[in-house]
Amino acid sequence: MKHKIPYILFLFSAIFTYGQVTLAVSDVKNPRVNQRFNLTVILEISGENMEQETPLRMPDLSKFDIIGSASEQNTVVLDAKKGDVLNQMVYQWVLTPKEAGKIRFGSVLVTVNGKIYKTEPFEINVKDNEKKSAVAEHTNHSNEVYLNLELKKNVVYKNEPAVAVLRAYSKDYDNFRKVSNLQFSPQKNASIKPINYTKSEIETSSGMASQVIGTFMIFPNESGPIAINAFSAVVGNATKPTKVSSNRVRLNVKKLPDGMPSNFKNAVGNFEVSVSQTNTDEIPEVDKPLNISVRLSGAGNFGSLDLPKIIDSPDYVFYTPQITTKTVPQKDGLSGDVIAEYVVIPKKAGSISINFENFSFFNPKEVQYTDLGPKSLLLNVKTPGEIADAKSTIEKVNDYTNIVLETVNTPVLQTHNLKIKNKDKINWKIVAGNLGLMVAVLSLFVVLKKRQEKKKVKPLQLRSSTSIAETEEIIRKKIGHQFDENIEYLKILKENKDFETFFTAYQELNNETKNFFSVTNESEFRNYLEQNKGAHVAEQYRILSEKIQIEKYAPFHTAEHIDLILEAIISFYNEIIK
């Protein structure tokens with residue numbers, strides 16, 4: 001508290017001096033060369049008509065290395081009757097002095113309503129580091145890695161996404177490849193979703209190199225100032241891995257304005273809603289299932305909003321929808337589509353309407369609510385007799401022929417009863433078709449044979465002299481070989497539309513993978529992935545497991561959904577065996 005008293009007195013003196021504008025710089029206590037310290041600048045502007053016309057203009061910082069920067073903004077109402085508003089902006093820099101001695105820190109300038117305000121210049125007495133050997137000093141300095149969390153926008157509405165960038169700083173380029181296992185702690189007042197962990201190009205400024213190592217999206221679910229917890233990563237040094245943490249950032253979340261529609265369900269962004277019948281060629285029939293989809297398109301908080309649901313009606317029954325998300329991160333949030341596919345069974349003939357709930361959203365750019373109104377799909381449902389009467393004679397004959405071929409066991413024709421015409425001509429289409437059928441049957445036989453042999457393979461025996469790296473390489477090759485066989489088998493099952501066996505085969509693949517990593521249950525497997533492969537791989541597995549469970553117990557399967565699941569399986573297992 002004693003250290004804060006001079007700063008508080010300085011702050012109050014600035015208030016008395018400038019009246020409606022306060023500009024102050026925090027005190028700096030004798031830093032050392034190459035030692036980080038925080039420099040804080042506070043700007044307070046009181047009054048509705050007071051407008052900041054220029055950004056803060058800092059003095060010459062060439063004698064410092066700029067490790068990182070961040071800012072936060074709070075808006076506080078001082079007097080509700082008068083309407084006086086105090087806007088407080090807090091800017092922070094993380095600096096390291098380059099050399100010892102006295103360094104003059106110049107004035108910080110800002111222009112408000114045509115008037116220039118500035119702080120008083122002061123001197124910083126930088127001390128030299130303690131005597132160390134040159135080798136030790138270089139080693140310690142080069143091994144330092146710092147993390148800085150930056151918000152692209154720190155003032156948002158409730159449920160409006162804010163993009164955060166995690167950047168690593170170091171003097172040594174080689175340290176960036178050692179940074180891994182990014183972690184963030186869950187919070188009750190905000191949801192954090194990774195956008196990507198792709199590392200950017202290395203940038204250099206004032207002798208300090210930096211690299212973006214992760215981009216995240218933060219969805220605040222309550223208003224007011226929210227402190228985002230520090231992110232962490234592991235630096236794999238030669239001696240012992242070191243855990244480093246970033247700074248904490250503050251997000252100022254504004255309340256949604258008045259006039260909220262009654263059907264508003266946390267949607268913040270810009271959206272459109274459409275409903276349709278998935279298979280438009282299929283005639284709606286009484287007691288026969290149909291696929292009805294509702295598509296939400298646009299940009300916003302796809303991860304935390306509620307989709308419009310089907311309204312109950314005696315004219316039809318429906319089942320829990322299957323949700324498919326196709327979104328990509330953009331500058332201001334997630335953009336794409338979320339599709340809910342319902343299985344609907346009409347219960348009466350005639351014209352019926354599939355009705356959906358109203359959907360409304362708040363557009364933060366236009367600062368207004370938009371109600372898209374109710375959505376519905378009109379169906380002309382027919383009975384089986386009406387559908388049969390509407391068919392032509394040829395269609396009826398084709399249907400009858402198909403039923404006979406599918407249900408009646410026809411005798412095998414003997415060769416001496418066949419009459420061969422035009423012996424000198426060969427029907428190459430039939431020959432190609434027979435060859436294709438033989439190849440498909442042979443491929444299925446080979447895959448099944450390999451799967452049976454794989455189950456009989458003895459446990460992998462390793463020589464006592466085998467190193468840990470060699471052991472990991474042998475296991476990785478073993479998993480990769482079996483993974484390729486399983487994927488081929490899954491592809492064949494998908495092509496044959498044997499979906500029940502498809503999910504059984506995936507479960508066998510999943511169990512074999514757990515056995516290779518010496519884990520016995522689902523919880524241990526997820527913990528193993530998070531600790532050894534990273535949080536993004538564990539999150540990828542969680543999403544894959546949810547998709548498989550939803551599709552496995554869905555009343556109706558589609559080839560498109562199985563394709564998406566197979567792509568997710570291939571992507572995940574390629575990630576863990578590489």
Side-chain angles (χ1 to χ4, degrees), residues 152-153 156-165 190-198 212 214-221 263-278 291-310 320-342 356-366 369-373 375 377 535-537 539-551 554 558-572 575:
K152 294 293 185 181
K153 183 170 62 174
V156 295
Y157 285 97
K158 180 181 176 182
N159 290 316
E160 181 185 1
V163 177
V165 175
S191 175
I192 303 174
K193 295 185 180 298
I195 296 178
N196 62 67
Y197 292 93
T198 304
V212 174
T215 308
F216 306 85
M217 197 163 290
I218 302 174
F219 298 90
N221 52 36
N263 54 14
F264 179 75
K265 295 184 177 180
N266 300 326
V268 177
N270 191 11
F271 304 96
E272 293 181 357
V273 176
S274 61
V275 296
S276 62
Q277 180 182 343
T278 304
N291 272 25
I292 306 297
S293 65
V294 54
R295 180 187 296 267
L296 181 66
S297 306
N301 60 324
F302 281 106
S304 57
L305 55 78
D306 295 327
L307 292 173
K309 300 177 181 178
I310 289 183
T320 303
Q322 183 172 24
I323 309 297
T324 303
T325 303
K326 299 178 180 179
T327 57
V328 293
Q330 299 291 344
K331 182 178 180 181
D332 298 326
L334 295 177
S335 176
D337 304 300
V338 176
I339 306 169
E341 294 198 16
Y342 288 86
F356 288 81
E357 297 175 337
N358 288 26
F359 183 81
S360 60
F361 61 89
F362 174 73
N363 191 328
K365 293 183 178 180
E366 299 179 0
Y369 294 95
T370 300
D371 191 344
L372 298 180
K375 298 293 181 180
L377 181 64
H536 66 290
V537 176
E539 178 69 11
Q540 185 180 357
Y541 177 69
R542 183 190 66 79
I543 295 173
L544 172 62
S545 299
E546 290 181 357
K547 287 182 178 180
I548 290 176
Q549 289 299 317
I550 292 173
E551 181 64 29
T558 63
E560 182 182 1
H561 290 156
I562 299 299
D563 284 339
L564 293 175
I565 288 177
L566 183 57
E567 290 177 5
I569 291 173
I570 296 173
S571 175
F572 168 71
E575 182 72 21

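In what follows, every heavy atom counts, from backbone to side chain, and hydrogens, waters and symmetry copies are set aside.
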inquiry  = Between Ser545 (side chain only) and Tyr541 (backbone N and O only), is there a donor and an acceptor less than 3.5 Å apart?
reply    = yes

query = If you look at every heavy atom in Pro308 and Val273, which pair is closest and at what distance?
reply = CG-CG1, 4.2 Å

ask   = Distance from Leu305 atom CG to Phe359 atom CZ, nearest 0.5 Å?
value = 5.5 Å

key: Test side chain to side chain contact (heavy atoms under 4.5 Å, CB included) applied to Phe356 and Ile292, step by step   = CA-CA 11 Å; Phe356 288 81; Ile292 306 297; 4.1 Å; yes

request  = State, to 0.1 Å, how close Gln540 and Ser571 come at their nearest heavy-atom pair, and which atoms those are.
outcome  = NE2-OG, 3.2 Å

task = Give me the ring orientation class for Phe216 and Tyr197: parallel if the planes are under 30° apart, tilted from 30 to 60°, perpendicular past 60°.
result = perpendicular

inquiry  = Are the side chains of Phe219 and Lys193 in contact, using a 4.5 Å heavy-atom criterion?
reply    = yes

note = With sequence neighbours left out, the residues meeting ring pair (Phe, Tyr, Trp, His ring centres under 6.0 Å) with Tyr157 are Phe362

ask   = Between Asp371 and Gly373, which heavy-atom pair has the shortest distance, and what is it?
value = OD1-N, 2.9 Å

key: Inter-residue atom distance Gln322.CD - Ser293.OG, 0.5 Å rounding   = 12.0 Å

inquiry  = Nearest 0.5 angstrom please: Ile565 CD1 to Lys547 NZ, how far?
reply    = 8.0 Å

key: Side-chain heavy atoms of Pro364 within contact of Val268, under 4.5 Å   = yes

message = Donor-acceptor check, side chain of Asn301 to backbone of Asn266, threshold 3.5 angstrom: yes or no?
response = yes

request  = Tell me, please, which residues at least two apart from Phe302 pass ring pair (Phe, Tyr, Trp, His ring centres under 6.0 Å).
outcome  = Phe271

inquiry  = I need the Ile570 CD1 to Phe572 CZ distance, nearest 0.5 Å.
reply    = 13.5 Å

key: Validation row: Glu357, Asn263 side chains within 4.5 angstrom (heavy atoms)   = no

query = Minimum heavy-atom separation for Ile323 to Ala340, with atom names?
reply = CD1-CB, 3.5 Å

task = Working to the nearest 0.5 Å, report the span between NZ of Lys309 and OH of Tyr342.
result = 7.0 Å

request  = Return the set of residues passing side-chain hydrogen bond (donor to acceptor under 3.5 Å, both in side chains) with Glu272 (not counting sequence neighbours), or none when no residue passes.
outcome  = none

query = Can you check whether Thr324 reaches Leu564 side chain to side chain, under 4.5 Å on heavy atoms?
reply = yes

ask   = Should we count NZ of Lys375 as having more than 12 external heavy atoms under 6.0 Å?
value = yes

message = What's the separation between atom CD1 in Ile218 and atom OG in Ser191, rounded to the nearest 0.5 Å?
response = 9.5 Å

ask   = Which atom pair, heavy atoms only, marks the closest approach of Lys365 to Asn363?
value = N-OD1, 3.0 Å

